[in-house]
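So the structure is just underneath, and the comments pick up after that.
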4 protein chains.
Amino acid sequence: MPPALPFFDIQPQLATPIYRQVMEQVQRQVAGGQLRAGDELPSVRAVAERHAINPMTVSKAYSLLEAQGLLERRRGVGMVVAAGVPTAGGDADRLALLAPALESAAQQARELGIPPEAALAAFERLLHPDPKETP
Amino acid sequence: MPPALPFFDIQPQLATPIYRQVMEQVQRQVAGGQLRAGDELPSVRAVAERHAINPMTVSKAYSLLEAQGLLERRRGVGMVVAAGVPTAGGDADRLALLAPALESAAQQARELGIPPEAALAAFERLLHPDPKETP
Amino acid sequence: MPPALPFFDIQPQLATPIYRQVMEQVQRQVAGGQLRAGDELPSVRAVAERHAINPMTVSKAYSLLEAQGLLERRRGVGMVVAAGVPTAGGDADRLALLAPALESAAQQARELGIPPEAALAAFERLLHPDPKETP
Amino acid sequence: MPPALPFFDIQPQLATPIYRQVMEQVQRQVAGGQLRAGDELPSVRAVAERHAINPMTVSKAYSLLEAQGLLERRRGVGMVVAAGVPTAGGDADRLALLAPALESAAQQARELGIPPEAALAAFERLLHPDPKETP
DNA sequence: GTGGTCTAGACCACC
DNA sequence: GTGGTCTAGACCACA
């Protein structure tokens with residue numbers, strides 16, 4: 001039982017379509033180990049109501065993840081993380097998933113003429129967001 | 001004379017539309033100082049042929065940049081970086097342009113369960129890509 | 001240029017959802033060689049109008065086939081059979097695609113107590129449907 | 001006494017709903033003569049345990065067959081094949097029940113470009129599955 | 001012209 | 001309760 005699933009972090013104003021935001025977050029949470037084989041996902045309707053979006057949008061995300069083999073449909077129960085999925089990807093796998101975002105950021109830094117040290121410092125600040133949130 | 005413009009780095013398979021890839025790269029190169037007021041841009045036709053994309057796509061990007069005041073149309077010459085454009089943004093400005101990419105990468109790293117040090121190390125490797133390119 | 005694409009054979013009254021009927025027919029026509037790498041598919045709107053179904057239904061089929069790697073989206077052009085797809089599957093591949101249908105029919109024949117010869121004869125009649133259509 | 005009922009052949013991963021798989025198999029075994037008027041069916045609970053499915057699913061199938069007049073509920077005994085049911089349909093009736101499956105297979109063979117002889121041969125192989133199972 | 005996304009709502013099917 | 005399918009229609013983005 002996943003205790004208090006944080007649902008998802010949906011931002012409709014982004015260029016990335018909502019259904020893709022859902023897909024990518026599930027993919028990363030599976031790769032990161034927050035979601036493991038057999039874990040249930042929040043129901044289509046629950047997610048839709050929570051974020052005030054259309055159930056079909058959520059359903060689309062889930063269906064595509066099912067087609068990818070990441071989720072399984074349990075009739076009358078809902079969607080669960082597929083059995084064959086490794087509990088957590090190796091470090092290399094996870095870094096591979098992060099690579100595109102880092103490459104894009106690095107290219108932008110270069111185009112902006114920002115020195116590597118400055119870019120690194122800014123990134124480090126974002127990685128340790130708010131120390132006082134863990135009392 | 002812009003010394004051997006590297007044209008652009010166009011990837012049609014990305015979700016980001018091609019005309020936006022062009023726009024963003026010009027914007028960043030101007031902000032970063034690689035492109036300065038008066039510099040010529042490669043012709044629409046040249047860019048289109050080089051990357052096997054539709055000339056209308058390049059033209060659309062240039063036109064939107066012109067509407068933004070970043071480029072100017074010089075009769076018989078082509079597009080040049082507009083006169084009023086500051087030679088290079090301040091450090092804060094440039095970091096602000098980089099911030100969204102870094103935030104996105106940081107969020108992904110967190111969701112993937114990648115420790116900050118590993119993410120930083122990977123980023124650093126990408127920021128110093130190939131030492132022998134600077135002879 | 002595929003000369004006079006026969007579109008698809010859609011039967012809304014079947015239990016099989018329409019989007020699956022489309023998917024399966026494309027898959028089989030690719031495996032059978034009627035559709036080859038680079039061939040264009042009829043546009044979403046054309047198919048929808050032709051069969052009086054909703055464009056989204058067709059779009060869903062195409063999108064899933066794209067996710068499978070069988071189709072590619074050409075921006076502003078439409079969907080084409082993906083480049084990496086083999087011109088026609090080997091005989092074994094094609095028979096493998098046919099197997100489930102044959103197995104199901106064989107099981108039903110057994111359950112119905114129909115002797116193999118009778119089932120075979122009935123099948124043969126259906127495989128040579130209408131000799132006078134080739135004048 | 002039905003001699004060692006083979007229960008059913010249930011495949012939850014198929015698109016066909018489980019209760020329909022049960023219904024169709026009973027219908028065909030009655031049409032084929034394997035099940036005759038008065039024969040007992042395995043209990044709901046037994047079927048459910050045997051195939052690890054929900055008892056309500058089996059019950060639904062039985063109830064629908066009862067509504068069709070194919071089965072009868074005998075107090076304290078369970079479901080039996082109804083009295084009025086003909087011992088076995090005529091050959092034409094049974095072939096009519098098989099026809100849809102054969103038509104579907106024939107269409108698929110055509111779309112796959114499989115020559116009739118090859119399809120027939122494959123079908124024949126499946127109809128004579130395992131000679132040594134009849135000792 | 002092309003496909004993509006999202007909505008609102010209906011109805012179905014399964015468990 | 002669960003997800004699936006389809007519709008009608010709007011609006012966007014790309015080439």
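Values below: all heavy atoms of this structure, side chains included; hydrogens, waters and symmetry mates excluded. Keep in mind that this is a model prediction, so the values were computed, not measured. Sequence lines set the chain letters: A, B, ... in the order given, protein chains first and strands last, and positions in each chain run from 1.
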- Message: Under 4.0 Å from OP1 or OP2 of F:dG3: is there any side-chain N or O of A:S59 that close?
- Response: no
- Item | Among F:dG3, F:dC6, F:dA8, the one nearest C:T57 by side-chain distance | F:dC6
- Between F:dG3, F:dG9, F:dG4, which nucleotide has the shortest distance from any of its atoms to the side chain of A:S43? F:dG3
- Starting from P on E:dT2, measure out to CZ on C:R75 and report it in whole angstrom. 17 Å
- Heavy-atom donor-acceptor pair, A:R73 side-chain to F:dG4 base, under 3.5 Å: no
- Answer yes if the side chains of D:Q21 and D:Q25 hold a donor-acceptor pair under 3.5 Å, and no otherwise. no
- Message: Of the listed nucleotides (F:dT7, F:dC6, E:dT7), which one gets closest to any side-chain atom of A:I53?
- Response: E:dT7
- Measure from CD on A:E49 to P on E:dA8 and round the result to the nearest Å. 13 Å
- Task: Rounded off to whole Å, could you give me the CE-to-P distance for the C:M79 and F:dA15 pair?
- Result: 15 Å
- Note on the structure: Of F:dA15, F:dG4, E:dC15, the nucleotide closest to the side chain of B:I18 is F:dA15
- For DNA chain E, whose closest nucleotide is more 5', that of A:P55 or that of C:V77? C:V77
- Query: Is there a donor N/O on one and an acceptor N/O on the other, under 3.5 Å, for the side chain of A:R45 and the base of F:dG3?
  - Reply: yes
- Query: When rounded to the nearest 0.5 angstrom, what is the spacing between CD in B:E66 and CG in B:L64?
  - Reply: 10.0 Å
- Exceeds 12 heavy-atom contacts within 6.0 angstrom, atom CZ of A:R75: yes
- Query: A:L64 has an atom CG; how far is it from atom P of F:dG3, in whole Å?
  - Reply: 15 Å
- Item | DNA chain F: 5'-proximal contact among B:T16 and C:T16 (nearest heavy atom) | C:T16
- Query: Between atom NE2 in C:H51 and atom P in F:dT7, what is the gap in whole Å?
  - Reply: 13 Å
- With respect to the side chain of D:Y19, which nucleotide from E:dG3, E:dA13, F:dA15 is positioned closest? E:dA13
- Query: Do you know the tightest heavy-atom contact between D:L98 and C:A105?
  - Reply: CD1-O, 3.6 Å
- Query: Taking OH from D:Y62 and C1' from E:dC15, how many angstroms apart are they, rounded to a whole number?
  - Reply: 18 Å
- Message: Are B:M23 and B:L70 packed together at the side-chain level, in the sense that at least one heavy-atom pair is separated by less than 4.5 angstrom?
- Response: no
- Nearest-nucleotide pick for A:K60, side chain only, options being E:dT5, F:dG4, F:dT5: E:dT5
- Task: Provide, to the nearest angstrom, the distance between the CG atom belonging to B:N54 and the P atom belonging to E:dT2.
- Result: 16 Å
- Task: Whole angstrom is fine here: how far is it from CZ in C:R74 over to P in E:dG4?
- Result: 14 Å
